[in-house]
Amino acid sequence: MKLKRKLLAGLLTLCMAVGMAVPAFAENGPSSGDMSAAWVQLYDSSVEEPDGSYFGYVLYSNGGEADTVEGAVYDKATNTITLTNYNHPEMTLATNEMGDDLKLHLVGDNHIAELVVWGFGWGGNLEITGDGSLTINENKTSQTAAIRFMAEGTQGLLKVGSNASVTAYKSAGENTYSAAFVSTTSSTLPFTGNLETELALTANSGIEGETTEWENVIYESNYVAQDWKVLTKGEDGKKYGVNYGTIYTGSDLTNGKPVGYIHELVKVEGLPSQKEYLAVQIATVDGLEKDALPEGYTDSGETISAKIGDISSMTVLIKDGQRFYWGADPNQSQWLVYQTAVDDVTAEDWGQTTLTKIVVPVAGEGVSGATEEDIPAGYTTNVVKTGMYSYYCTNDVIKVSPSGTSTDPGTDPGTKPGEDTGAKDLTASETGVSISLTDGVPEGAELSADTIAQESVLGSRPELKEELPGLLSIYEISVRKDGKALEIKDNPMTVKIPMNDHLKGYKYYQAVYLGDPLERFDAVVEGDFLVFETTHLSQYAILGSNTPFSTSTVQDEEQTGAGDQSSDTTNPQTGDGSNMMLWIGLLAASGAGVYGMTLYSRKKKEQNI
């Protein structure tokens, strides 16, 4: 059968383009539902058809269609692909959204061109089991990497069992690799097995990516305003409306199914249309006939004219310590600076419920003929860490076999409590964050402390939104030596974070360790630093408030070191821009280590491998 999903052949030679459309859920088993693009495929990318497709087979698809292939089979019950003497060195084995418990069981001698695993925010781990062998890219036809894990915000771990044998060859030429793990959340190489030789990595491997911070926000679309029949729901005091439509499956336009899109009519000041309300989609009701009321809703008899709100990704701008947004106007005729009009708005986006905000243009801040890069004077962008890493293996051949040396490229063992081996006071040169340890760390170790995009953390852990009131920043703090993170735990320390403008103006502060469970530490302002004590390093969220935190030991009448900061403050901005279906795409250039931004929709992913 022809596979219409075109391979991004050779893309790695320029850059590993990873567009995240969902946050990492670390789920087991293939994804499911209408938005799922879970599949297992075998295809030959050496010859492209005129229509851009490749010949191949589907071993599994969420749509239910599958082919029978001699020597290759997928079992959904165990989430296992089994290869039995499958000798097709021209065929690539690729998977997408198959979960973190996917297994590849080897029986006999097997040969393929490439092994490709896409995580796509769902789960992208693979464990190779059995006592058979797998040879990859023996003909050296791969234009990218023989083993290619496009983690896309998942861990993207490859684990080879102790009885299995895997051999992967690097093709000739620049920017080709024996293995590549791209945009993984793992700060160490996510590859374990009995390696016969140590893996060699490019200089830019294991460096955390950076990007310009952005948020998904709602703005007034250029759609024609419509008159909404106002509905109410119980005693919640909100206004609602329904947009009716029809969903068609495939190319058959004669057998559509009715659907209703429930919108909340939100009162907003400063809309370009000068309307009083904006319609924000909050739910989809399949089978809702035209003019029928959704269950639980009542017709109020009122009518409101309003446009529909669109969700868009906008660049975060900072000016005088305040957050603004840089995005195109609805007519795409100019770029505008937007400001928050309504915070904490619930919306439906790609079938998922997300918490976002409504923004409106700032008067006089439009720039005709501008591009996304033409930031207005007085505004600055905010560069943040992505929390993702990439690794590129340059070995001519990688061999994993029962006779190899077991390796777990996890964190360096670090120091034991009470072991004084070196430096105790470390400072991150770029951010000014410092730590003072009780037990020293090896000489040559360096402190890494950077802010992380709140969207990436809250998107992957939405339950944190309610746990982190007054969220100001999230820091990833670690001690590293020779590119590896040292395990720092049970080591009492003092952490000092510079009081940047976005942290100032609050009476109470708290540092929250984002482990499981969460751990909360009272923080105080000492001079130009926010200070707290802990015993381990990892991700810490910084919260600010003008009233004591419910979990704090600080009493209401106590000053926690706010100094001469202004007491005329508003409620703390959370900076919450989480969205369940759209993330920043990271361009991790294999040779140059250049990072950029792109957006990558699920529709595109379904059409391209």
Side-chain angles (χ1 to χ4, degrees), residues 1-9 22 25-45 53-108 110-130 132 134-137 142 144-152 154-161 164 166 168 602 605-609:
M1 111 175 11
K2 284 185 178 182
L3 300 182
K4 295 183 179 180
R5 302 180 180 89
K6 181 179 177 182
L7 172 67
L8 298 178
V22 285
F25 294 117
E27 294 284 357
N28 289 331
S31 64
S32 59
D34 294 337
M35 304 304 296
S36 168
W39 43 255
V40 178
Q41 298 178 356
L42 285 162
Y43 58 83
D44 182 356
S45 62
S53 63
Y54 294 105
F55 175 79
Y57 304 96
V58 175
L59 298 183
Y60 172 79
S61 170
N62 184 56
E65 181 181 0
D67 298 312
T68 299
V69 180
E70 184 178 357
V73 64
Y74 170 75
D75 177 53
K76 186 177 180 181
T78 59
N79 200 21
T80 301
I81 306 164
T82 300
L83 297 182
T84 304
N85 293 315
Y86 184 81
N87 186 13
H88 292 275
E90 77 284 1
M91 301 295 282
T92 290
L93 173 60
T95 73
N96 185 63
E97 294 182 34
M98 294 302 293
D100 279 345
D101 63 343
L102 179 64
K103 290 173 286 293
L104 173 59
H105 188 71
L106 302 179
V107 178
N110 303 276
H111 299 258
I112 59 175
E114 293 179 322
L115 175 63
V116 183
V117 178
W118 296 87
F120 210 50
W122 176 260
N125 294 347
L126 177 68
E127 181 180 3
I128 297 180
T129 63
L134 176 64
T135 303
I136 308 171
N137 196 35
S142 171
T144 55
I147 297 173
R148 190 162 75 253
F149 274 61
M150 308 299 285
E152 300 176 309
T154 64
Q155 183 185 18
L157 170 67
L158 173 59
K159 180 179 181 181
V160 180
V166 176
R602 181 179 292 269
K605 183 59 186 291
E606 289 180 344
Q607 296 167 358
N608 298 278
I609 294 177

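Fair warning: this is a prediction, and the values are worked out from it, not measured in the lab. Reckoned from all heavy atoms, side chains included, excluding hydrogens, waters and symmetry mates.
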Is a side-chain N or O of [X] found less than 3.5 angstrom from the main chain of [Y], in a donor-acceptor match?
X	Y	answer
Trp118	Ala38	no
Asn96	Phe120	no
Lys76	Tyr74	no
Asp67	Tyr57	no
Asp44	Thr92	no

**Report entry** Residues Asp75, Val73; criterion side chain to side chain contact (heavy atoms under 4.5 Å, CB included); working and verdict
**Finding:** CA-CA 7 Å; Asp75 177 53; Val73 64; over 6 Å; no

Least distance between heavy atoms, [X] atom then [Y] atom:
X	Y	value
Ser142	Asn137	N-OD1, 3.0 Å
Ile136	Ala113	CG2-O, 3.5 Å
Val58	Glu65	CG1-O, 3.3 Å
Leu83	Ala72	CD2-CB, 3.7 Å
Gly156	Ala151	CA-CB, 3.9 Å
Met98	Thr95	CG-CB, 3.8 Å

Side chains of [X] and [Y]: closer than 4.5 Å at any heavy-atom pair?
X	Y	result
Thr154	Phe149	no
Tyr86	Leu42	yes
Asn125	Gln155	yes

Query raised in the report: Pick one: which of Thr78, Thr82, Ile81 meets side chain to side chain contact (heavy atoms under 4.5 Å, CB included) with His105?
Result: Thr82

Report task. Take Asn28 and Asn79 through the test side chain to side chain contact (heavy atoms under 4.5 Å, CB included) and record every step on the way to the result. Result -> CA-CA 9 Å; Asn28 289 331; Asn79 200 21; over 6 Å; no

To the nearest 0.5 Å, what is the distance between [atom1] ([X]) and [atom2] ([Y])?
X	Y	atom1	atom2	value
Asn110	Asn85	CG	CG	6.0 Å
Ile147	Ile128	CD1	CD1	6.5 Å
Ile112	His88	CD1	NE2	11.5 Å

Query raised in the report: Yes or no on side chain to side chain donor-acceptor pair (under 3.5 Å) for Ser45 and Glu114, after CA distance, side-chain angles and deciding distance?
Result: CA-CA 10 Å; Ser45 62; Glu114 293 179 322; 4.9 Å; no

Requested in this report: Determine, step by step, whether Leu158 and Val117 satisfy the side chain to side chain contact (heavy atoms under 4.5 Å, CB included) criterion, reporting the C-alpha distance in whole Å, the side-chain angles of both residues, the deciding distance to 0.1 Å, and the verdict.
Outcome: CA-CA 9 Å; Leu158 173 59; Val117 178; over 6 Å; no

Query - Test log, rule side chain to side chain contact (heavy atoms under 4.5 Å, CB included), inputs Leu104 and Leu134 - result: CA-CA 10 Å; Leu104 173 59; Leu134 176 64; 4.0 Å; yes

